[in-house]
Amino acid sequence: MDNKIRELRELKGWSQGELAERCNVTRQTINAIENNKYDPTLQLAFRLAKVLNVKIDDLFFC
């Protein structure tokens with residue numbers, strides 16, 4: 001599943017570490033999600049959408 005997390009994170013001027021801290025996960029988790037090596041749990045997906053201030057539909061696409 002592809003995502004726009006990197007794009008949205010960079011628009012906010014945040015590093016992977018900053019986003020990870022806000023979502024209470026590791027930087028490696030954010031890196032893996034951004035590089036499509038890991039699909040986040042539903043709970044984490046909703047947390048990412050909330051932190052990035054977007055609808056979950058705007059975060060992921062096939």
Hydrophobic cluster membership, L42 vs L44, 4.5 Å side-chain cutoff: yes
Listed once per pair and sorted, the side chain to side chain donor-acceptor pair (under 3.5 Å) pairs that draw on residues 47-59, sequence neighbours left out: none
D2 atom CG, over 12 foreign heavy atoms within 6.0 Å: yes
Atom pairs and distances, donor-acceptor, side-chain atoms in residues 3-13, under 3.5 Å, two or more places apart:
residue, atom, partner, partner atom, Å
N3, OD1, I5, N, 3.0
N3, ND2, I33, O, 2.8
N3, ND2, N36, OD1, 3.3
R6, NE, E34, OE1, 3.4
R6, NH2, N35, OD1, 3.3
R9, NE, E34, OE2, 2.6
R9, NH1, W14, O, 2.8
R9, NH2, E34, OE1, 3.2
R9, NH2, E34, OE2, 3.3

Min side-chain heavy-atom separation T29-Y38 under 4.5 Å: yes
Evaluation steps, side-chain contact (heavy atoms from CB on, under 4.5 Å), between L48 and I56: CA-CA 8 Å; L48 284 162; I56 198 159; over 6 Å; no
Residue pair S15 / L19, side-chain heavy-atom distance below 4.5 Å: no
Qualifying salt bridge (Lys or Arg N to Asp or Glu O under 4.0 Å) pairs with a residue from residues 19-32, counting only residues at least two apart or across chains: none
